[in-house]
Amino acid sequence: MKATRLCRGLTLGFACWAAFSMTAAAAAPSPDLWELARQNREVHRFSTLFTAQDVRGRLSNAEGLDAAVAWCKRTGVTKVYVEQFRDGYQAEREPTLRARERFLKEGIEPAGCITPTRVGKSSTGWKNTISCYTDPATQEKVRAIFEYSAGLFDEIMIDDFWFTDCACEACDAARRSRTVTIGGQNWPVAGDTWADYRGELMVRLSREYVLAAAKKVNPRARLIIKYPQWYDRFHERGYDVARQTADFDRIWVGTETRDYGDARWGGTVQYEAFFIMRWLGNLGGEKCGGGWFDPYGTTEKTYVEQARQTILGGARETVLFCYGSLLRDTGPANVEALRGEMPELLRVAGQVHRRDLVGVAAYKPPGSAPETEARVFDFVGMAGVPLRPCHTFPSNAPAAFFSIHALKDPAFTAQLREFIQAGKPVLLTDGLAQRLGEQPFLKAPHVITLPVKGDPKSLLQMNAETLESVRAPLLRPFKTTFSAPNQVSLYLFADGSWVVENFNDQAVLVRLNGQELNLPARAWRYSWRQP
Ligand SMILES: [Zn+2]
């Protein structure tokens, strides 16, 4: 009976359990992606970016422009970001204008972008990439770049180097005097830590020399701040997701998780893309435009997994960074795999947008420090706990997960007590439990401790017994039972729809609400209830 109900809930008529492996998708007759992408651009849009260097090298002659347009159409790309600045180089006006007009004529929406690398005086931290924004000449350079861009485009993305890690003498003096100075004007800083100073500096510089400067040149200019994927360290380098999201017209989300095992780029699990997309999506609401990933350190499988997680994260657009990189190394194979999966990704995006995500609330206050529990949310998600990321205390959630991050909230302990006393299941990290100390309310039977042991990555090794003891009580309010090996993620929606994704290199057997599912390696399955 249960199985029949689930089958009826599916919108895909040809199979009860919709499983797609990449080979199956690739073998299917290739649809006209351009037409499909145009029809679906309100649901989900794929876009790409041309770096300032690619404007010079690939878009400044007729053959290059033809090739770029053809690639976009073959890849279902209906929007392009044409960059004005990167690595100290500013793209020239004439080729930029010609590219802008050509894309417009082809039905591909053009926008601008600025990557603030090598802007002026180098940072003492990440040398020759990141800049010292205390330096007045560097500040003026910022203003000039944004004024130039606003004269060319109505929409400007800022790539995720809009931060500083400089600790030069000038920065240190300004930090100690608790004063941000821009164009001769001073603003007080609330504290004397580097996080305090850099946060205030980047907020003020954004307001004065990015937003105000661009809008003075072009009142239609809309600026997008793209947040990097390293969410636990934003506050250390001047990203203030609360104030900057309020200030900017739109926000964007870095979902470039790449390959966990890659020697150069590794260490990030796939679920992080979903977590950060939902966390910032929740924070930004309508302002949240989409996600952004790249091909570095990926295989076809992990490249496509980035796309799936971005879409499950509720993104309305995916930026494929960037055209030049996608033409070399692993790029072409990645793009081919993505093209094969694109029709399915667009269908899933449509289903995701129609529904509210439900799950175990995962609370990360803005600007919270991880201490010994860096990015613990990603690993809890990989363990099959369906998370619903949030940035404010989840008082109304049916179940919740808390880590050391929550201590950023001064009202946390009182709110947690109330939450637990309401009888709702709670998962606490061992680190947080230790910090909270001997509290009678923590002894309630529905409080479960997660053994992080100061090493979140070790959660990938949790055995079946531990996984079961963590998941079962948390899933009870959702009337869901789930048993699966580690690294199989679960996503739940308010109407009973679900998604399961297997990140293992082996096929796995999963039991969801009594139903057995055989998931091939690196495959996902889903069930959408009809309204
Ligand atoms: Zn400095």
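Both counts, for ligands and for their atoms, begin at 1 and track the order of listing. Every value quoted in this text rests on a predicted model; they were computed, and no experiment measured them. By convention here, the first residue in the shown sequence is residue 1. Side chains included, hydrogens not; waters and symmetry mates left out as well; all remaining heavy atoms used.
- For the ring-ring contact (aromatic ring centres under 6.0 Å, His included) condition, no pair includes a residue of residues 175-205, sequence neighbours left out.
- When the ring pair (Phe, Tyr, Trp, His ring centres under 6.0 Å) test is applied to F401, the partners found at least two apart in sequence or on another chain are F377.
- For the Zn ion (ligand 1), protein N, O or S atoms closer than 2.8 Å were enumerated as C132 SG, C166 SG, C168 SG, C171 SG, with waters left out.
- Between T115 and K226, every side-chain heavy-atom pair lies at or beyond the 4.5 Å cut-off.
- Environment of NZ in K408: sparse, with no more than 12 heavy atoms of neighbouring residues, nucleotides or ligands closer than 6.0 Å.
- Looking at residues two or more places apart in sequence or on another chain, you find a side-chain hydrogen bond (donor to acceptor under 3.5 Å, both in side chains) between S206 and W162.
- For Q434, the CD atom is loosely surrounded, since the number of other residues' heavy atoms within 6.0 Å does not exceed 12.
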